[in-house]
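Take a look at the structure set out below.
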Amino acid sequence: MKAAELFIQCLENEGVEYIFGIPGEENLDVMDALLDSKIKFITTRHEQGAAFMADVYGRLTGRAGVCLATLGPGATNLVTGFADADMDRAPIVAIAGQGATTRMHKESHQVLDLVNLFEPISKYSTQIRAPEIIPEVVRKAFKDAQMEKPGGSFIDFPENIAGATMPVEKQPLKVQSPSLPTPPDRKIQQAVEVINEAEYPIIMAGNGVIRNKASEALVNFAEKLNIAVASTFMAKGVIPFSHELSLGTVGLQAKDYVGCGFEKSDVIICVGFDMVEFHPHIWHKYKDKKIIHIDMSPAEVDEHYILEMGLVGDISAGLNAIAERAIPRKGVFNNQLRRTIVNELSEHADDQSFPIKPQKIISDLRAVLDAKDVVISDVGAHKMWMARMYQAESPNTCIISNGFASMGIGVPGAIAAKLVQPERVAITVTGDAGFMMNSQEIETALRNKIAIIVLIWNDSEYGLIRWHQMRKLGRPSHIEFNNPDFVKYAESFGAKGYRVERSEDLKPVLTQAIADNTVVIIDCPVDYSENMKLTEELSRLTSGMCLE
Ligand SMILES: Cc1ncc(C[n+]2csc(CCOP(=O)(O)OP(=O)(O)O)c2C)c(N)n1
C-alpha cells in the first residue's frame, strides 16, 4: 500500500465526506488515491474558496471541514479562509502538498516552510516526515481541530512520502470524542448565589452555546429565571428572536439599544462567549459589573473581563443545575430593542423608495425564507444590518463571520451550507466587493449542481469603509469602483441573473430564485444613506433611552 492510500483511509476513518480544493503536481498520489475512495472531492476555482467552504462546513457540522492545495502558492491561497475558520472557532483541516524531503534543505522551486507559515493561525501545524506516522498525524489533526475551542490543523505532505510504499502495515487510529466534564457543584452553588443577589442580571450568549448544542438549555434557563438574553453576531438564533426574552443581537461597535440593557445591569452572565466576537471594553467600559463566565473553556484574560466566578465544563449541564437552584426573578422584561427593531422593519416593509433601504431588503428576505433556511452573510455594511436586524429563529440559520471577519466567505459559504443541508435554501447576502472576491465559485456550484442564491447589495463602493470614514473623519477616501453587469456575468456562467429595478420587485424575485433551484445571482441596488442615519439615530436614542 502507498502512504497516500493510507492517508485517505485515515480521512475516511474520521468521517470525511468532502474535500474542497485544487490538485497540484506535488499531491498526485493523494489525488489518485481519492479515485478509489467514497470521499467526494469538490474541485474549486481558487484555494481561498476551498478554505471558506471547509470553514462553513466545519461551523455547521462541528466536524472538521477539509481543504487541499498544492505546495507554495496553492497553500498560501488557503491562508485567509483557513485563518477565518481558526478565529471563528470552526474546525478545519488543511492539507498541502510539499516538495520531496530531499530538496527541502535548499532553495527549491515553490518550496516554502508551510508548517511555520500556518503555525500562528492554527492549533496544530505539522509535516508528515515518515509514512508510519500518518495515522497519528491525521488523528491528532482532527482531534485538535474539533476539540474546544475548535480551530485549524495543517498537514504538510511531501510528495516523496506520499508516493512511498508503506514499510510496515498501519491502520487508522480509533476515533474517540472527548466528553466535557460537568461543572463542579461548589461552582454551581457560587453562581446561584451571585444570580440570587443580582438586581438586574442579563445574559450574553456567544457561539459556544451553538457549538455545545446548548440552545435549549439556555432558553430553559432564561425562562425559568426570567432573565433576558442578548446574543452575539455568531450566536444568532440561540434563542428565537420572537421569544419574549430575546434582546436581539449585540456586537455593533457603536452603541445599540441593547447596550442600555448592559449599562443598567449589575450581573452579566456570559454563556459560551468568546472575546474575539465582541470586545469587553465596548460593553463593560467602566468595569463595574459582576461577570459570570459559563463556557467549555476558561475565560481569556482581559482587564474588562475580570470574573466574579467561572463555570467551566458542559454548558447545558451547568445551566440546568443553576436553573434548578436559583430563585426565579419576578417582573416582565422591558424589551425595547426587539420592539424597536420589529417596528423599524415593519415601518419599512412597504417602503417603495429605490435604491432599496437595508431594512426593507431584510424584511423581504425574512418574509420569503423559512425559519430553517440558511443565510450566510459576507462582510461589510450589509453584515452590520443583517446582524442587527435579521430575525433568526434557530441556531446556525444566519452565519456571520465575526472572529476574523474576512470578506469573500459568502459564495463559498453558501455552497458548503447547501451541501450540508440540501433540503434547505442556502442564500448569501453579500456586498458587491465581497462577491467579486470569490465569485468564481459560482462555476463550482453549477458544475456540482449545488443550488445557491447570491443576493448582492450593490452600491459600487466599499460601503462599510465609507461608513467608518464618514463617522470618524467626515470624508470618503478611495472607496469607489465599477461593477460588471451582474446579470450578464451570471448568465455567462450558465447561472440565472436578475436585476431588481423597483422596490416592490424584490420579494417576487427572491421567491422566483428559490423556485429556480439553481445558481441565481440577484443584483439589488441598496440605499446606504441609511448607514449614517442609523449612526445618528443610535447616538440620539441611546443617550435618551439609557436614562429611562
Ligand atoms: C479580505 C478582507 N479585506 C478587507 C476587509 C476590510 N473590509 C471590511 S468591510 C469592507 C468593505 C466591504 O464592501 P462590500 O463587499 O461592497 O460590502 P458593503 O460594505 O458595501 O456592504 C472592507 C474593505 C475585510 N474585512 N476582509
Side-chain angles (χ1 to χ4, degrees), residues 42 44-46 48-49 52-53 56 354-356 358 360-362 364-369 373-383 385-386 390 398-399 407-419 422 424-463 481-528:
I42 306 277
T44 63
R45 304 305 304 274
H46 193 299
Q48 187 182 109
F52 278 130
M53 288 174 205
V56 173
F354 194 82
I356 311 182
K360 160 80 175 157
I361 303 180
I362 293 173
D364 283 4
L365 185 64
R366 182 65 283 181
V368 300
L369 293 181
D373 291 337
V374 187
V375 187
I376 316 283
S377 175
D378 209 88
V379 173
H382 59 282
K383 173 178 123 175
W385 286 103
M386 284 294 291
Y390 185 77
C398 180
I399 299 293
M407 292 166 70
I409 190 175
V411 172
I415 292 174
K418 189 68 183 175
L419 281 174
R424 298 187 187 176
V425 172
I427 177 164
T428 173
V429 164
T430 174
D432 38 13
F435 169 66
M436 290 301 287
M437 283 191 180
N438 275 315
S439 62
Q440 73 285 348
E441 301 306 339
I442 59 184
E443 189 280 320
T444 304
L446 280 162
R447 180 171 19 93
N448 288 282
K449 302 197 172 19
I450 302 167
I452 60 163
I453 302 172
V454 182
L455 178 62
I456 305 171
W457 294 28
N458 187 341
D459 66 336
S460 297
E461 281 186 357
Y462 292 103
F481 50 75
N482 297 321
N483 279 318
D485 178 329
F486 286 126
V487 174
K488 284 193 187 148
Y489 188 69
E491 287 167 357
S492 73
F493 282 89
K496 294 242 179 191
Y498 299 110
R499 180 168 301 111
V500 179
E501 280 162 348
R502 295 176 319 162
S503 185
E504 58 268 41
D505 290 347
L506 178 58
K507 223 191 263 182
V509 164
L510 282 167
T511 308
Q512 181 60 46
I514 294 171
D516 285 341
N517 198 27
T518 179
V519 177
V520 183
I521 315 293
I522 304 171
D523 176 359
C524 179
V526 62
D527 177 7
Y528 270 157

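Heads up: numbering here begins at 1 and tracks the sequence.
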Between [X] and [Y], which heavy-atom pair has the shortest distance, and what is it?
{"X": "Cys398", "Y": "Met386", "answer": "SG-CE, 4.4 Å"}
{"X": "Ala426", "Y": "Ala414", "answer": "CB-O, 3.6 Å"}
{"X": "Ala417", "Y": "Val56", "answer": "N-CG1, 4.4 Å"}
{"X": "Ala513", "Y": "Ile522", "answer": "CB-CD1, 3.9 Å"}
{"X": "Thr430", "Y": "His382", "answer": "CA-NE2, 3.7 Å"}
{"X": "Ile362", "Y": "Trp385", "answer": "CD1-O, 3.3 Å"}

Which distance, rounded to the nearest 0.5 Å, do you find between the [atom1] of [X] and the [atom2] of [Y]?
{"X": "Ser460", "Y": "Asp432", "atom1": "OG", "atom2": "CG", "result": "5.5 Å"}
{"X": "Lys418", "Y": "Ile376", "atom1": "NZ", "atom2": "CD1", "result": "12.0 Å"}
{"X": "Ile521", "Y": "Leu455", "atom1": "CD1", "atom2": "CG", "result": "10.5 Å"}
{"X": "Ile450", "Y": "Thr518", "atom1": "CD1", "atom2": "OG1", "result": "11.0 Å"}
{"X": "Thr444", "Y": "His46", "atom1": "OG1", "atom2": "NE2", "result": "11.5 Å"}
{"X": "Phe486", "Y": "Asn458", "atom1": "CZ", "atom2": "CG", "result": "5.5 Å"}

Report the residues that fulfil ring pair (Phe, Tyr, Trp, His ring centres under 6.0 Å) with Tyr498, sequence neighbours left out, ordered by chain and then residue number.
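Expected list: none.
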Not counting sequence neighbours, which residues clear ring pair (Phe, Tyr, Trp, His ring centres under 6.0 Å) with Phe354? List them please.
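Phe354 satisfies ring pair (Phe, Tyr, Trp, His ring centres under 6.0 Å) with no residue once adjacent residues are dropped.
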With sequence neighbours excluded, what pairs up with Ala381 under the side-chain contact (heavy atoms from CB on, under 4.5 Å) test?
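Testing Ala381 for side-chain contact (heavy atoms from CB on, under 4.5 Å), a comparison that skips the adjacent residues, returns Leu464, Trp467, Tyr528, Asn531.
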A side-chain contact here means heavy atoms from C-beta on lying under 4.5 Å apart; do [X] and [Y] qualify?
{"X": "Thr428", "Y": "Val375", "result": "no"}
{"X": "Cys524", "Y": "Leu506", "result": "yes"}
{"X": "Val519", "Y": "Phe493", "result": "no"}
{"X": "Val520", "Y": "Val454", "result": "no"}
{"X": "Leu369", "Y": "Tyr390", "result": "yes"}
{"X": "Met436", "Y": "Pro484", "result": "yes"}
{"X": "Ile427", "Y": "Leu510", "result": "yes"}
{"X": "Phe435", "Y": "Asp378", "result": "no"}

[X]: side chain to side chain donor-acceptor pair (under 3.5 Å) partners, not counting sequence neighbours:
{"X": "Glu501", "answer": "none"}
{"X": "Ser377", "answer": "none"}
{"X": "Asp505", "answer": "Arg502"}
{"X": "Asn438", "answer": "Gln48, Gln440"}

Taking only residues at least two apart or on different chains, which pairs with a member in [range] satisfy salt bridge (charged side-chain N to carboxylate O under 4.0 Å, His left out)?
{"range": "residues 433-455", "result": "Arg45-Glu443, Glu443-Arg447"}
{"range": "residues 451-461", "result": "Glu461-Arg466"}
{"range": "residues 506-526", "result": "Arg499-Asp523"}

Could you tell me which residues satisfy salt bridge (charged side-chain N to carboxylate O under 4.0 Å, His left out) with Asp364, sequence neighbours excluded, listed by chain and number?
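So Asp364 forms a salt bridge (charged side-chain N to carboxylate O under 4.0 Å, His left out) with Lys360.
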Results of salt bridge (charged side-chain N to carboxylate O under 4.0 Å, His left out) for Arg366 - residues two or more places apart only:
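Counting only residues at least two positions away or on another chain, Arg366 forms no salt bridge (charged side-chain N to carboxylate O under 4.0 Å, His left out).
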